[in-house]
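First the structure, in the form of structure tokens, and then the observations on it.
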Amino acid sequence: MAHELGIAGEFIYDSARKAMALRNLYNDYELNSILYNGAVGIERLQKIYLCLSIPNPMDKSTVPECLKKHNHNELEKHVKEYSGKCISANGRSLLGLFSEYYNNYRYANYVPGYNSKKLKSLFIGFLKKQNGKFDFEELCTAVQFEPFKRYYINELGKTANYYYSLIDEKAREIGTYTYELDSYSNASRVFWSTQRRSLYKQLILEQEAVKELLIHLYKDHGDSGVLKLFNEMHSLEFDDALINDYLADLCEGNVNDSLIDWIDDLHEEIEDNDERKERHELLSLIGNVSVLFDDWDDADF
């Protein structure tokens with residue numbers, strides 16, 4: 001079950017990260033990815049708790065039928081029965097969203113006559129129900145869209161931590177280590193880091209960490225091996241007006257499509273094959289954890 005806990009956390013983290021990168025509600029594939037990962041992650045947490053709570057999980061007659069299905073609301077009824085605790089009203093609403101999506105929208109594109117706008121309406125309906133101040137009739141700038149993302153991500157994080165706390169309590173009660181996680185995993189960020197801050201603030205912190213690293217690389221011309229490599233390599237030409245767009249995607253864990261095409265073209269323009277090969281080789285060293293740059297401080301690149 002501990003392995004399942006880690007898997008559940010990865011799904012939930014992916015949902016939050018994809019929501020963090022959301023800039024509008026026009027792309028059906030983005031909403032599908034957000035809701036699918038969130039639904040799967042929360043469902044796994046519910047089932048982990050039930051597996052720990054069932055008196056004799058090897059006796060099929062005692063196993064609830066809901067374990068074989070994908071109904072978040074029905075799973076929650078059994079979780080409440082075993083735990084004696086109630087999830088928050090917002091949490092119940094999120095479970096309803098996930099259950100509706102998973103059972104009626106997950107494969108809706110295979111149904112003749114399906115209108116993809118219905119998925120957008122489902123997501124907006126959840127947000128409107130919980131926070132009437134959201135105005136979805138107005139065109140949303142990136143800044144205006146932040147409250148929508150923050151609300152979904154934080155409710156996802158609260159729900160995940162609610163079930164994790166139940167799992168942690170039950171595991172310690174019966175003497176198992178189901179609560180344990182790889183401390184370097186995304187799951188630990190969902191379940192452990194968010195005990196000190198919201199999931200949204202956790203993702204903001206991750207973006208700030210990337211930005212601080214970029215500032216350091218730009219401002220501090222140190223003499224470590226990797227920075228020496230940076231200094232020795234010549235820089236390619238970029239359109240400065242697009243730099244912030246590239247950084248926005250980078251901070252969200254993505255690589256801008258225009259940047260990929262631009263670099264591909266610039267590499268193709270290197271006429272000397274040996275020079276192009278050498279540049280690829282040097283680039284492959286950057287971010288390669290098997291390379292010990294400290295041993296190269298006096299090396300000539």
Test K77 against E74 for salt bridge (charged side-chain N to carboxylate O under 4.0 Å, His left out), laying out the working first. CA-CA 5 Å; K77 289 180 182 179; E74 189 65 26; 3.8 Å; yes
Let's go through T194 and N161 carefully: what are the C-alpha distance in whole Å and the side-chain angles of both, what is the deciding distance for side-chain hydrogen bond (donor to acceptor under 3.5 Å, both in side chains) to 0.1 Å, and is it a yes or a no? CA-CA 8 Å; T194 52; N161 273 281; 2.7 Å; yes
Pair L250, N256 - check side chain to side chain contact (heavy atoms under 4.5 Å, CB included), show working. CA-CA 7 Å; L250 180 62; N256 188 284; over 6 Å; no
Using side chain to side chain contact (heavy atoms under 4.5 Å, CB included), reason through N186 and F11 one step at a time and then give a plain yes or no. CA-CA 9 Å; N186 291 329; F11 275 113; over 6 Å; no
Go through the steps for L5 and L45 under the test side chain to side chain contact (heavy atoms under 4.5 Å, CB included), then give the verdict. CA-CA 7 Å; L5 184 64; L45 291 180; 3.6 Å; yes
One pair to check against side chain to side chain contact (heavy atoms under 4.5 Å, CB included): L266 and E269. What are the steps and the verdict? CA-CA 5 Å; L266 290 180; E269 290 176 5; 3.8 Å; yes
Could you walk me through whether N90 and S88 pass side-chain hydrogen bond (donor to acceptor under 3.5 Å, both in side chains), step by step? CA-CA 5 Å; N90 287 354; S88 68; 5.7 Å; no
Are E43 and Y102 close enough, and set up right, to give a side-chain hydrogen bond (donor to acceptor under 3.5 Å, both in side chains), and what steps lead you there? CA-CA 10 Å; E43 178 187 334; Y102 206 84; 4.9 Å; no
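Annotation: side chain of L75 is not in contact with side chain of N71 (no heavy-atom distance under 4.5 Å). Looking at heavy atoms from C-beta onward, Y246 lies out of side-chain contact with V255 at the 4.5 angstrom threshold. At least one side-chain heavy atom of Q46 sits less than 4.5 Å from a side-chain heavy atom of H72. The closest side-chain heavy-atom distance from W262 to I260 is not below 4.5 Å. K277 is not listed as a side-chain neighbour of N273, based on a closest heavy-atom distance of 4.5 Å or more. Contact annotation: the side chain of K219 never approaches that of L217 to less than 4.5 Å [non-hydrogen atoms, C-beta and beyond]. With contacts defined as side-chain heavy-atom distances shorter than 4.5 Å, the pair S258/L242 does not qualify. Annotation: side chain of E169 is in contact with side chain of K85 (closest heavy-atom distance under 4.5 Å).
Between N104 atom CG and S99 atom OG the span is 8.0 Å, to the nearest 0.5 Å. Atoms NZ and CD, from K201 and E206 in turn, are 15.0 Å apart once rounded to the nearest 0.5 Å. To the nearest 0.5 angstrom, S193 atom OG is 9.5 Å from Y13 atom OH. To the nearest 0.5 Å, atom OG of residue S33 and atom CG of residue D14 are 7.5 Å apart. Note that the NZ atom of K158 and the CG atom of L94 stand 11.0 Å from one another [nearest 0.5 Å]. Between atom OH of residue Y49 and atom NZ of residue K170 there is a gap of 5.0 Å, rounded to the nearest 0.5 Å.
For Y200 and E146, the side-chain atoms include at least one donor-acceptor pair closer than 3.5 Å. If you check the side chains of R197 and Q202, you find a donor sitting under 3.5 Å from an acceptor. Using modelled atom types, one finds no donor on one side chain facing an acceptor on the other under 3.5 Å when comparing N254 with D249.
Looking at every heavy atom in both residues, N73 comes nearest to R92 through OD1-O, 4.0 Å. Shortest non-hydrogen contact noted between R106 and N32 is O-OD1, 4.3 Å. Nearest heavy-atom pair, I153 versus A19, reported as atom, atom and distance to 0.1 Å: CG1-CB, 3.9 Å. Considering all non-hydrogen atoms of both residues, L199 and A16 come closest at CD2-CB, 3.7 Å. The two residues S83 and L166 make their nearest non-hydrogen contact at CB-CD2, 4.1 Å. Contact record, N37 with K18: ND2-CE, 3.9 Å, taken as the closest heavy-atom pair.
Put simply, the side chain of R276 gets close to the backbone of I270: a donor and an acceptor are under 3.5 Å apart. Put simply, the side chain of S15 gets close to the backbone of I34: a donor and an acceptor are under 3.5 Å apart. Between the side chain of D272 and the backbone N or O of E275 there is at least one donor-acceptor pair closer than 3.5 Å. Side-chain N or O atoms of S53 include none that pairs as donor or acceptor with a backbone N or O of L50 at under 3.5 Å. Panel note: side chain S188, backbone S183; a donor-acceptor pair is recorded below 3.5 Å.
Residue F126 is tested with F98, Y101, Y152 for a side-chain contact (heavy atoms from CB on, under 4.5 Å); the sole match is Y152.
Using a 4.0 Å cut-off between charged nitrogen and carboxylate oxygen, R17 and E10 do not count as a salt-bridge pair. Under 4.0 Å is where a charged nitrogen must lie from a carboxylate oxygen, and between D168 and R172 at least one such pair does. Ion pairing of E76 with K80 is absent here, as no side-chain N (NZ or NE/NH1/NH2) approaches a carboxylate O to less than 4.0 Å. Ion pairing between R23 and E252 holds under the 4.0 Å rule for side-chain N and carboxylate O.
The number of heavy-atom neighbours closer than 6.0 Å to CD of E237, taken from other residues, nucleotides and ligands shown, is 12 or below.
Under the 30°/60° scheme for interplanar angles, the aromatic rings of Y177 and Y179 are found to be tilted. The aromatic rings of H267 and H280 stand perpendicular to each other, their planes meeting at an angle above 60°, with 30° marking the opposite boundary.
L259 is connected to L236 through a chain of hydrophobic side-chain contacts under 4.5 Å among Ile, Leu, Val, Met, Phe, Trp and Tyr, so both are in one cluster. If you chain together hydrophobic residues whose side chains sit under 4.5 Å apart, L282 and I263 never meet in one group. In this structure, L203 is not a member of the same hydrophobic cluster as L205, with clusters built from ILVMFWY side-chain heavy atoms closer than 4.5 Å. The hydrophobic clustering, which links ILVMFWY residues whose side-chain heavy atoms are closer than 4.5 Å, places Y164 and I174 together. In this structure, L227 is a member of the same hydrophobic cluster as I286, with clusters built from ILVMFWY side-chain heavy atoms closer than 4.5 Å.
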